[in-house]
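Every number for a ligand or one of its atoms is a count from 1 in the order of the listing.
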Amino acid sequence: MNRLGILLSLVLTTAFPALSADRPNMLLIVADDLGYHDLGFQGARDIPTPSLDRLAASGIRCTHGYVSHSFCSPTRAGLLTGRYQHRFGHENNPAWLPESTHDGLPLDQVTLPELLKKAGYRTGAVGKWHLGAHPQFHPMKRGFDEYFGALGGGHEYFPGKKGSSEYTIPLNRNGVDEPQTGYLTGQFGDEAAAFVKRHAGRGTPWMLYLAFNAPHTPLQAPERWLQKLAHIPDINRRTYAAMVCAMDEAVGHVLDQLQATSQRDNTIVLFVSDNGGPNLSFRGIGNFTDNSPLRGAKGDLYEGGMRVPFLVSWPARLKPGTYEQPVIALDFLPTLVSLAGGSPPQDRVIDGVDLMPFLTGEKQGAPHERLFWRTQGPQGNHAVRQGQWKLVRKAGSAPELYDLASDVGESSDLASEQPARVQELQAAIAEWEKGTIPPIFQSPRTNKKAVKQKKN
Ligand code: CA
């Protein structure tokens with residue numbers, strides 16, 4: 001570079017320091033049923049996850065990061081709307097009912113991709129959808145320009161299995177059925193990497209929602225990963241670990257493609273699991289996930305249900321480190337919409353908070369005064385977190401109170417020692433609940449359980 005060139009670049013970088021960081025691309029990666037402890041950067045010793053570890057090292061690890069539900073579909077409904085899904089009745093998993101215009105993310109809800117599209121972004125989704133089977137709920141009817149994936153709540157990982165459940169339906173590309181050609185997690189990674197490459201250098205920023213169904217059951221993994229994990233004696237744990245490794249490899253392909261197309265610095269990458277690892281002992285499969293040091297598992301309102309690995313990486317703007325105030329995936333919508341220069345809808349409550357000023361250190365304090373969870377409707381299970389305090393109230397049981405600062409494993413119930421705090425948190429739940437409605441559809445499995453319980 002000659003002297004003029006150096007001078008010019010100095011002037012440009014001084015005069016427009018934020019220019020290169022304006023309007024970032026956005027990659028939102030969601031894992032499915034991943035155990036809290038089951039990634040290298042979360043402490044796993046038996047599952048190598050170099051790509052996700054690299055992502056973690058490049059950004060901010062939110063150590064008190066939550067999702068808004070302890071199972072699949074409601075978390076996604078919250079994440080894509082920025083609102084507690086209880087506000088619009090999306091508290092259960094929709095059944096796979098392609099003829100039902102009712103079981104799915106209600107059409108009056110405004111989604112993150114819709115808002116980004118309005119702001120000029122190109123939007124894509126790859127992977128598991130699980131927000132309704134009827135064509136009116138298809139991702140491309142909900143704000144995505146492009147889609148490739150499995151529309152149900154889960155899918156077979158290897159091609160060729162015949163059947164009539166959502167796990168064996170053909171994959172879907174832009175509304176058209178397409179046969180599966182390979183191991184599903186790898187295929188999703190390849191599709192996401194292709195999206196990243198296809199949209200590089202076009203002058204239009206993009207957002208990609210990459211929702212793996214891994215490592216959700218069925219436990220099916222490529223042989224080469226199983227061989228590499230021969231040190232894990234339990235076959236279920238080994239298979240699950242191999243599924244996590246395959247996902248890590250797929251994430252690696254996407255990150256490599258970002259790098260190769262010079263987009264990594266100005267792409268904000270977010271990573272969460274949609275809920276905690278399941279404990280399937282009740283099905284006789286055993287417990288192959290590890291949520292330690294947290295208590296509980298998928299479906300619970302203890303921390304193991306909805307406190308998840310939570311990353312925000314944006315090399316151009318965010319210094320790597322940790323962030324320790326409670327945050328929730330509901331925050332993605334206001335954060336990303338604000339970065340896009342758009343604005344969230346003004347005619348409804350948005351529960352998420354723009355995290356950027358908190359992550360840059362510009363704003364101190366906690367983004368949320370309280371966080372709430374509820375499963376099984378108003379008569380069901382509730383939880384609230386306020387600062388270090390967590391109240392869990394299971395249906396028909398006395399409330400439990402935990403001090404997460406000294407007892408992250410929720411082992412010591414302090415409710416009887418602190419009745420005033422219990423009362424305060426119960427009142428907070430009652431107040432929050434006024435803004436919610438009962439579930440508008442039922443989970444298929446919950447129905448079965450309810451029937452079974454009735455018979456007993
Ligand atoms: Ca899940």
Side-chain angles (χ1 to χ4, degrees), residues 28-39 42 52 65-80 85 90-96 103-105 125-133 149-157 165-167 184-185 188 209-220 236 239-241 243-244 246-247 250-251 270-283 285 287-291 294 296-310 328-330 332 373-376 381 439 441-446 449:
L28 172 47
I29 307 174
V30 179
D32 196 353
D33 285 17
L34 176 66
Y36 187 71
H37 196 262
D38 289 331
L39 297 171
Q42 291 287 101
L52 284 159
Y66 293 91
V67 283
S68 59
H69 218 74
S70 59
F71 56 86
C72 302
S73 181
T75 282
R76 291 152 205 271
L79 185 153
L80 288 179
Q85 58 280 0
H90 198 126
E91 196 169 336
N92 287 308
N93 287 331
W96 179 253
D103 294 40
L105 179 63
V126 170
K128 164 167 158 172
W129 183 237
H130 207 199
L131 290 168
L151 288 165
H155 205 273
E156 291 287 321
Y157 286 89
S165 87
E166 64 195 293
Y167 280 66
L184 197 55
T185 305
F188 288 165
Y209 172 58
L210 171 56
F212 290 103
N213 59 315
H216 191 293
T217 54
L219 292 176
Q220 298 167 349
N236 289 334
T239 309
Y240 160 82
M243 293 163 77
V244 174
M247 180 178 72
V251 168
L270 302 143
F271 176 84
V272 285
S273 177
D274 69 336
N275 49 254
N279 181 343
L280 298 180
S281 299
F282 71 94
R283 279 205 236 159
I285 303 174
N287 184 14
F288 50 81
T289 69
D290 182 358
N291 291 319
L294 310 179
K298 174 181 181 178
D300 291 334
L301 295 189
Y302 294 115
E303 296 286 280
M306 68 288 182
R307 184 149 151 185
V308 294
F310 194 120
I328 189 160
L330 303 177
F332 291 169
W373 295 271
R374 185 181 82 192
T375 60
Q376 319 251 337
N381 313 298
F441 51 81
Q442 296 302 315
S443 296
R445 196 174 294 154
T446 310
K449 244 189 201 169

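Scanning for side chain to side chain donor-acceptor pair (under 3.5 Å) contacts around Asp32 gives Lys128, with sequence neighbours left out. Residues meeting the ring-ring contact (aromatic ring centres under 6.0 Å, His included) test with His130, sequence neighbours left out: none. Residues forming a ring-ring contact (aromatic ring centres under 6.0 Å, His included) with Tyr36 (at least two apart in sequence, or on another chain): none.
Taking the six-membered ring for Trp and thresholds of 30 and 60 degrees, Tyr209 and Trp129 have ring planes more than 60 degrees apart, a perpendicular arrangement.
At least one side-chain heavy atom of Leu151 sits under 4.5 Å from a side-chain heavy atom of Trp96.
Around the Ca ion (ligand 1), the protein N, O or S atoms found under 3.0 Å comprise Asp32 OD1, Asp33 OD1, Cys72 SG, Asp274 OD1, Asp274 OD2, Asn275 OD1.
When all heavy atoms of Phe71 and Gly299 are compared, the pair lying nearest together is CD2-CA, 4.4 Å.
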